[in-house]
Amino acid sequence: MTRTLPRLLAVLAAVLVTVPIAPAGALAEPTLTWAVQPADGNGPDGRRWIERTLDPGQVVTEHLAVRNFSDAAATFALKAADGYLTGKGRFNMLPSHQKSTDGGTWIAVQETVTVGARQTKVVPFTITVPRDATPGDHPAGIAATVTSTGGTVAVESRVGFRVMLRASGTITASLAVGDLTATYRPSWNPFSAGTVDVGYTATNDGNAAVTGRGRVTVPGLFGLGDRIVPADIEETLPSGNRRIEARVTGVWTFGPLRTAVDVTPAVLGGDQAGAEIRPASATVTVWAVPWSQLALVVVLFALVVVARTVTRRRRQRLARLLDRAREEGRAQAREATLAGSPPSAP
């Protein structure tokens with residue numbers, strides 16, 4: 001099982017694309033299906049992509065294999081371009097109409113290759129690192145492309161793989177934290193804690209592809225029982241960014257709430273020895289007003305006031321009744337005394 005896993009990964013890495021090779025409207029439209037993989041001189045070598053650390057001015061030769069799974073021969077255009085990550089974190093290459101300025105310009109490959117039906121052809125290509133290349137990662141990709149036409153619309157379909165190029169020198173892993181926001185959401189159940197929704201943008205301002213270990217910290221009531229939630233950052237290329245969202249539950253607090261974000265980047269791939277790691281942090285303060293708890297406190301306070309008022313009035317009424325009873329008792333005693341006295345002499 002362990003020996004078949006690399007082969008399975010290699011097959012999965014080579015994305016297959018099927019496109020018609022006959023004009024739209026034809027009765028039978030044969031399809032073209034192909035894959036492109038890193039290779040050595042003999043064929044696919046099991047790598048998912050090519051990853052090289054090179055010195056400025058260095059020139060190396062690599063290979064790619066174009067595999068035609070169709071029943072007819074086909075000619076493919078071979079193209080290299082700068083690489084980037086999409087908003088969903090998938091690797092992609094610049095479109096053909098957009099000019100490359102970085103790693104894509106380091107790759108030289110023949111313009112086309114013709115591959116017979118159900119055959120594989122290995123094509124060499126060279127990577128030339130400029131002598132003034134800056135240290136760090138310069139992502140690129142290389143693809144086999146077919147353009148199909150249907151009516152007046154031309155559709156370019158391409159399959160390729162990433163070529164991760166790293167120029168030797170000091171590697172800096174750095175993620176800057178920006179656009180930090182925090183929103184406190186109270187629970188309408190007065191016996192449940194509130195929630196803090198935190199969002200921030202992690203921008204790779206270093207020179208290497210990185211991931212990041214993030215942490216969001218929200219203090220508890222009176223600074224006791226801090227709530228800590230991990231908010232890890234997926235692969236981010238130099239100059240790229242990721243939007244991170246985290247939710248912190250169980251927050252008991254009132255008043256200003258200081259939320260902190262801490263990020264520690266980690267270098268992806270290549271030689272990491274001597275890499276400079278730059279942690280980052282940021283804070284934001286929001287006002288937390290637990291309305292349901294405040295409402296409960298107001299109700300309890302009102303009940304206490306009402307209870308005390310009722311009790312005081314009852315005591316006052318009882319005191320008045322006692323005073324009246326005493327006064328009536330004294331009056332009756334005076335009347336009884338007067339009734340029992342002997343008549344005075346004439």
Side-chain angles (χ1 to χ4, degrees), residues 4 6-52 60-86 88 90-100 103-128 139-165:
T4 60
R7 297 179 183 177
L8 178 60
L9 291 175
V11 172
L12 292 175
V15 181
L16 306 182
V17 168
T18 302
V19 298
I21 58 175
L27 295 179
E29 293 187 355
T31 57
L32 176 62
T33 306
W34 74 102
V36 183
Q37 298 171 245
D40 55 24
N42 299 316
D45 57 11
R47 288 180 293 175
R48 297 177 61 188
W49 58 70
I50 290 175
E51 187 174 351
R52 299 292 299 263
V60 297
T61 299
E62 281 282 0
H63 297 80
L64 62 86
V66 181
R67 306 175 66 186
N68 182 3
F69 300 102
S70 308
D71 294 327
T75 298
F76 302 91
L78 300 179
K79 299 180 180 181
D82 293 347
Y84 66 97
L85 293 178
T86 66
K88 296 183 177 180
R90 297 184 61 182
F91 186 85
N92 203 354
M93 297 166 48
L94 292 181
S96 298
H97 67 272
Q98 191 168 343
K99 186 177 180 180
S100 294
T105 64
W106 300 6
I107 299 173
V109 63
Q110 64 189 57
E111 292 185 357
T112 61
V113 60
T114 299
V115 185
R118 300 192 177 280
Q119 292 184 359
T120 298
K121 183 164 289 188
V122 174
V123 178
F125 62 93
T126 59
I127 302 171
T128 303
I142 190 167
T145 302
V146 170
T147 302
S148 58
T149 57
T152 60
V153 179
V155 178
E156 182 182 79
S157 302
R158 61 184 183 180
V159 180
F161 56 86
R162 65 169 77 185
V163 183
M164 298 300 292
L165 303 175

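What you see below is based on every heavy atom in this structure, not just the backbone, and it leaves out hydrogens, waters and symmetry mates.
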Problem - Considering all heavy atoms, the nearest W49-R162 contact - result: CB-O, 3.0 Å

Problem - side chain to side chain contact (heavy atoms under 4.5 Å, CB included) involving E111 - partner list, sequence neighbours excluded - result: none

Problem - A80 to S100 - nearest heavy-atom pair and separation - result: O-OG, 4.5 Å

Exercise for the section: Check whether any side-chain N or O of R158 sits under 3.5 Å from a backbone N or O of M93 as a donor-acceptor pair, and report yes or no. Expected result: yes

Practice task
Hey, could you give me the OH/CZ distance between Y84 and R90, rounded to the nearest 0.5 Å?
Solution key: 10.5 Å

Practice task
Give a yes or no answer on whether the side chain of N68 reaches the backbone of G116 with a donor-acceptor pair at less than 3.5 Å.
Solution key: yes

Problem - CZ on R67 to OG1 on T120, rounded to 0.5 Å - result: 5.0 Å

Exercise for the section: Kindly indicate whether the side chain of L78, heavy atoms from C-beta on, has any atom under 4.5 Å from the side chain of V66. Expected result: yes

Exercise for the section: Taking all non-hydrogen atoms of both residues into account, name the closest pair between T33 and S70 and its distance. Expected result: N-OG, 2.6 Å

Handout entry: Closest heavy-atom pair and its distance - F76, A144
Key = CB-CB, 4.0 Å

Completion exercise
side chain to side chain contact (heavy atoms under 4.5 Å, CB included) test vs V113 passes for just one of T75, V123, L64, namely V123

Handout entry: Gap separating the OG1 atom of T61 from the CZ atom of F125, nearest 0.5 angstrom
Key = 9.0 Å

Completion exercise
Taken in chain and number order and not counting sequence neighbours, the residues that satisfy side chain to side chain donor-acceptor pair (under 3.5 Å) with K79 are S96, E156

Fill in the blank from the handout: Taking every heavy atom of A72 against every heavy atom of A117, the minimum-distance pair comes out as N-CB, 3.6 Å

Handout entry: Minimal non-hydrogen separation, W34 against S157, with atom names
Key = CZ2-O, 3.6 Å

Practice task
Please round to the nearest 0.5 Å and tell me the distance separating atom CD of Q37 and atom CG of D45.
Solution key: 8.5 Å

Problem - From CG (L165) to CD1 (I127), nearest 0.5 Å - result: 5.0 Å

Fill in the blank from the handout: One should read off an interatomic distance between H63 NE2 and N42 CG, to the nearest 0.5 angstrom, of 9.0 Å

Exercise for the section: Could you list the residues that satisfy salt bridge (Lys or Arg N to Asp or Glu O under 4.0 Å) with D40, not counting sequence neighbours? Expected result: none

